[in-house]
Amino acid sequence: MKNLHFKDYFWNSDLTSTAGYDAIIQFLGDGRRTCKEVEDFMKARAAIEEKYAKDLLGLSKKVCGHNEMNTLKRSLDMFKLQTEHVSLSHLQLAQTMREEAKKLEDFREKQKEARKKIEQQMDVIHKQKASQFKKTMDSKKTYEQKCRDKEEADQNVNRNTNTNNTKHIEKLHSKAQQAKQNAEEADRIYLQNVTTLAKISEDWMKEHAKACEMFEKQAMERISILRNTVWTHLNQLSQQCVTSDELYEEVRKSLEQCDIQEDIEHFVNLRQTGDKPPALVVYENFYSGQKTPGLAPPPRQLPPFGRRGPLPTPANDSRDDTIYSTVQDQGYSVIRY
């Protein structure tokens, strides 16, 4: 399939028309705006990455697991460290994005300057062509009018050939001669202007074709640069994901070394306070001074009436024969669970 080029498809049947040229200039202008939009997009993304990096760096400095110990503490410390590294990698990504945006800005400005020179040259040629075209058309009108004046003068001479007024005939001949000279001069000027216009038109067509080639080259370079810039931008983002995953992998490796049982035993060895439980609290009867393990005092009962009687007197000193208060519930205990 034949490739289509600017220089073959942006002409116009009207010699003074610049519609084709204007269409190309508009296309290039739209492309320049696209470059600026992509450039601004990347700068904005870089600003987001920078803010995210700074926020993440601040977060990595916050207390996290300060009171933990042993393997879990090492994992949490690694978690904070790699979070800091992730923030630094995002900061580097922001700088890289700004550098890419600056390259795009330089490219855009370079194309703008090159295109400006061509546009200035074409503007001069367009003005010359339009001016010469107008002059040529005016000289054509003058030429045509002079030719009509000559024909009219010749007709007047012919109509008065048989008249006897010699002075009148001489005057008509003189007018016819002058009209002929005027027509010839107008013809010369018209021909000269047509020749000049042809030369200017030829130069314009050559410059138009050269401008089209240059503008087409710029358009191709712009599309290539934008495509490569976005491609590079995406590669940077993908690499950032890879970098972040590698840093997070260090945390995962540290977590794999986090041993639950080891941390429990570490705490036990570090903070142990003794390996024997305390002795049980035994019941001590206030009145008898006797101790019975595992028994609790009975609930106090108010006497139905009158004053409380005297305590019973023990029959002997034997522990088995001693009489003291008890409770009916054998499962009762002073230890509350």
Taking the side chain as C-beta and beyond, is there a heavy-atom pair between [X] and [Y] under 4.5 Å?
X      : Y      : value
Ile189 : Thr142 : no
Thr18  : Ile25  : no
Arg108 : Arg33  : no
Ser75  : Val251 : no
Cys35  : Arg222 : yes
Phe267 : Gln272 : no
Phe133 : Met137 : yes
Leu28  : Arg32  : no

Would you call [X] and [Y] a salt bridge, taking side-chain N to carboxylate O under 4.0 Å as the test?
X      : Y      : value
Glu185 : Lys146 : no
Asp106 : Lys110 : no
Arg74  : Asp77  : no
Asp138 : Lys134 : yes
Arg252 : Glu256 : no
Lys36  : Glu105 : no

Hey, what do you get for [atom1] ([X]) to [atom2] ([Y]), rounding to the nearest 0.5 Å?
X      : Y      : atom1 : atom2 : answer
Glu37  : Asp30  : CD    : CG    : 9.5 Å
Met122 : Trp204 : CE    : CH2   : 7.5 Å
Lys135 : Thr196 : NZ    : OG1   : 7.5 Å
Ile223 : Thr34  : CD1   : OG1   : 9.5 Å
Gln177 : Ser174 : CD    : OG    : 8.0 Å
Leu237 : Thr232 : CG    : OG1   : 11.0 Å

- Item | Trace of the side chain to side chain contact (heavy atoms under 4.5 Å, CB included) decision for Glu152 with Arg148 | CA-CA 6 Å; Glu152 185 179 352; Arg148 285 190 290 269; over 6 Å; no

[X] and [Y]: side-chain donor and acceptor closer than 3.5 Å?
X      : Y      : value
Arg98  : Gln95  : no
Ser288 : Asn285 : yes
Gln178 : Asn182 : yes
Asp22  : Gln26  : no
Ser244 : Gln240 : yes
Gln261 : Glu265 : yes

Would you say [X]'s side chain and [Y]'s backbone share a donor-acceptor pair under 3.5 angstrom?
X      : Y      : answer
Ser201 : Ala198 : no
Ser60  : Leu57  : yes
Ser139 : Thr136 : yes
Asp187 : Ala183 : no
Glu250 : Gln82  : no
Gln111 : Gln218 : yes
Glu39  : Lys102 : no
Lys150 : Ala176 : no

Flag yes if [X] and [Y] sit in one hydrophobic cluster, no otherwise; membership is Ile, Leu, Val, Met, Phe, Trp, Tyr, and two members link when side-chain heavy atoms are under 4.5 Å apart.
X      : Y      : result
Ile125 : Phe215 : yes
Met214 : Ile225 : no
Leu247 : Leu56  : yes
Trp11  : Leu4   : yes
Phe27  : Tyr9   : yes

- Between Glu202 and Lys206, is a salt bridge (Lys or Arg N to Asp or Glu O under 4.0 Å) present by the stated rule, with each step listed? CA-CA 6 Å; Glu202 184 179 354; Lys206 290 180 180 179; 3.7 Å; yes

- Query: Who pairs with Phe6 by ring-ring contact (aromatic ring centres under 6.0 Å, His included), at least two apart in sequence or on another chain?
  - Reply: Phe10

- Message: Please identify which of these residues, Lys116, Lys117, Arg115, meets the salt bridge (Lys or Arg N to Asp or Glu O under 4.0 Å) condition with Glu119.
- Response: Arg115

- Query: Going through the checks in order, is the side chain to side chain contact (heavy atoms under 4.5 Å, CB included) test met by Glu84 and Lys61?
  - Reply: CA-CA 8 Å; Glu84 178 182 352; Lys61 302 301 182 183; 3.4 Å; yes

- Message: I'd like to know whether His233 forms a side chain to side chain contact (heavy atoms under 4.5 Å, CB included) with Asn228, so could you lay out the CA-CA distance, the side-chain angles of the two residues, the decisive distance to 0.1 Å, and finally the verdict.
- Response: CA-CA 8 Å; His233 179 67; Asn228 293 340; over 6 Å; no

Looking at [X], I'd like to know if its [atom1] atom is crowded, meaning that more than 12 non-hydrogen atoms belonging to other residues, nucleotides or ligands lie closer than 6.0 Å.
X      : atom1 : value
Leu270 : CG    : yes
Lys43  : NZ    : yes
Lys180 : NZ    : no
Lys73  : NZ    : yes

- Query: Of the non-hydrogen atoms in Glu262 and Thr71, which two are nearest, and what is the gap between them?
  - Reply: OE2-CG2, 3.6 Å

- Task: Taking all heavy atoms of Ala46 and all of Ala94, pick out the closest pair and write down the distance.
- Result: O-CB, 3.3 Å

- Between Glu100 and Lys103, is a salt bridge (Lys or Arg N to Asp or Glu O under 4.0 Å) present by the stated rule, with each step listed? CA-CA 5 Å; Glu100 289 298 318; Lys103 291 179 183 178; 3.4 Å; yes

- Query: Once the angle between the rings of Tyr21 and His126 is folded into 0 to 90°, is it parallel (under 30°), tilted (30 to 60°) or perpendicular (over 60°)?
  - Reply: perpendicular

- Message: Quick check on side chain to side chain contact (heavy atoms under 4.5 Å, CB included): which of Glu216, Lys210, His208 does Cys212 satisfy it with?
- Response: His208

- Within 45° of the ring axis of Tyr52 and under 6.0 Å from its six-membered ring centre, is that where the NZ or CZ of Arg45 lies? no

- Stepwise, does the side-chain hydrogen bond (donor to acceptor under 3.5 Å, both in side chains) test hold for Gln239 with Asn235? CA-CA 6 Å; Gln239 182 58 46; Asn235 284 344; over 6 Å; no

